[in-house]
Amino acid sequence: MGLHEFESVHKPKQQPARPEGLAGGDRVWGEVRRPGMGYRVQLSWDGRRLAGRLGGAIFGENVYLEAFAGQLLGSVASSGRVLTLHAQLEGSRLQLRLVGLDQGARAVLELHGDRASGTFDLGGQAHLVEIGFSAAQALARVGGEQEVLLHHPGFPAWVLAVAALTADVAARNAWRVLLDSYTGWAQA
């Protein structure tokens, strides 16, 4: 397609290189993958703030979240649209809400050791979520068609879960906008 954030996933599987300019031990990077497409994730975490960029130059989203007593609050913004995010961890239960989408998004996950599972309701459609955590990676499967692979230096599992679900929503929205634009071109 020629866009940086949309790459074929039919290439041989390989570990993505750490993005240029992201040095140090406080970065998380990876991508949202769907057959035929990929959407980049480049975030940093300093123990209080999760910030960075999703996607690329086109369909890019800026993420800025602040941590307060087991909560992450903030926004995911691109040109013309801002989503407000609130995530709260209570014991092993993580709840996430994104407001600003047509019907919003809501997730409830249970975290157990190196796994998290639950449901993610996006626009009235429920998706099963499974996330596996290791010392250097997190792999989230959201629904049957999409996964989020994140590389990290040991971030808290709940922060990685929020990053994965946020990236999933941003990618789904970008791909919907891209599909709508293709449909518009075909009808013109």
Side-chain angles (χ1 to χ4, degrees), residues 9 15-16 25-35 38-52 54-55 61 63-76 83-176:
V9 293
Q15 296 277 17
D26 62 348
R27 306 293 182 186
V28 61
W29 72 99
E31 71 177 338
V32 181
R33 298 187 298 204
R34 168 179 271 195
Y39 189 77
R40 289 188 307 212
V41 176
Q42 299 179 54
L43 302 171
S44 65
W45 170 252
D46 66 5
R48 284 199 55 228
R49 284 179 283 294
L50 182 65
L54 304 172
E61 309 279 346
V63 176
Y64 186 82
L65 306 173
E66 292 261 351
F68 300 98
Q71 299 180 62
L72 278 172
L73 305 166
S75 64
V76 180
L83 304 177
T84 302
L85 183 140
H86 176 232
Q88 183 168 354
L89 179 65
E90 293 178 337
S92 64
R93 184 180 181 100
L94 175 65
Q95 295 184 64
L96 178 136
R97 281 188 349 176
L98 271 164
V99 179
L101 296 167
D102 294 337
Q103 297 180 13
R106 181 178 187 91
V108 178
L109 300 178
E110 291 291 329
L111 296 138
H112 299 287
D114 64 351
R115 307 218 56 78
S117 61
T119 58
F120 192 28
D121 183 6
L122 179 58
Q125 185 176 16
H127 300 277
L128 293 177
V129 177
E130 293 286 332
I131 306 175
F133 305 101
S134 71
Q137 289 185 345
L139 177 62
R141 286 193 167 75
V142 182
E145 78 285 355
Q146 190 156 291
E147 66 181 24
V148 183
L149 177 63
L150 301 176
H151 302 273
H152 65 92
F155 288 10
W158 76 281
V159 172
L160 289 168
V162 170
L165 292 175
T166 302
D168 178 84
V169 169
R172 286 176 192 273
N173 190 60
W175 292 331
R176 183 186 52 77

Task: Rounded distance [0.5 Å steps], CG in Leu160 versus CG in Leu165 - done: 11.0 Å
TODO: For side-chain contact (heavy atoms from CB on, under 4.5 Å), just list the numbers for Val148 and Leu139, CA-CA rounded to whole Å, side-chain angles, deciding distance to a tenth of an Å, and then say yes or no.
DONE: CA-CA 6 Å; Val148 183; Leu139 177 62; over 6 Å; no
TODO: State the CH2-CG distance between Trp29 and Leu43, to the nearest 0.5 angstrom.
DONE: 12.0 Å
TODO: Using a strict cut-off of less than 4.0 Å between a Lys/Arg side-chain nitrogen and an Asp/Glu carboxylate oxygen, indicate whether Arg33 and Glu147 qualify as a salt bridge.
DONE: yes
Task: Parallel, tilted or perpendicular: rings of Trp158 and Trp45 (30°, 60°) - done: perpendicular
Task: Distance, nearest 0.5 Å, that separates CG of Leu96 from CZ of Phe120 - done: 6.0 Å
TODO: Please round to the nearest 0.5 Å and tell me the distance separating atom CZ of Phe133 and atom CG of Leu111.
DONE: 5.5 Å
Open item on the list: Quick one, Leu73 with Glu66, criterion side-chain contact (heavy atoms from CB on, under 4.5 Å). Give me CA distance, side-chain angles, the key distance, then yes/no.
Closed with: CA-CA 5 Å; Leu73 305 166; Glu66 292 261 351; 5.5 Å; no
- [ ] Mind listing the closest non-hydrogen atom pair of Leu54 and Ala167 along with its distance?
- [x] CD1-CA, 3.9 Å
Task: Single hit among Val162, Thr166, Leu94 for side chain to side chain contact (heavy atoms under 4.5 Å, CB included) with Leu72 - done: Val162
Task: Atom pair CG/CG of Asp26 and Leu50 - distance to nearest 0.5 Å - done: 10.5 Å
Task: Smallest separation among heavy atoms of Arg27 and Ser44, with atom names - done: NH1-CB, 2.8 Å
TODO: Give, for atom NE2 of His127 and atom CZ of Arg141, the distance between the pair rounded to the nearest 0.5 Å.
DONE: 16.0 Å
TODO: Might you point out which heavy atoms bring Leu65 and Ser75 nearest each other, and give the distance in Å?
DONE: CD2-N, 3.7 Å
Task: Lys/Arg-Asp/Glu bridge criterion (N-O < 4.0 Å) met for Glu31, Arg40 - done: no
Task: For the student: nearest non-hydrogen atoms of His152 and Ala138, plus distance - done: CD2-N, 4.0 Å
Task: Steps toward side-chain contact (heavy atoms from CB on, under 4.5 Å) verdict (Arg106, Gln95) - done: CA-CA 7 Å; Arg106 181 178 187 91; Gln95 295 184 64; 3.5 Å; yes
Open item on the list: Using a 6.0 Å cut-off, check whether atom CZ of Arg49 has over 12 heavy atoms from anything other than its own residue.
Closed with: yes
TODO: Check Glu61 against Tyr39 and note the closest heavy-atom contact, atom names and distance.
DONE: CG-OH, 3.2 Å
Open item on the list: Restricting to non-hydrogen atoms, name the atom on Ala164 and the atom on Ala140 that form the minimum distance, rounded to 0.1 Å.
Closed with: CB-CB, 3.9 Å
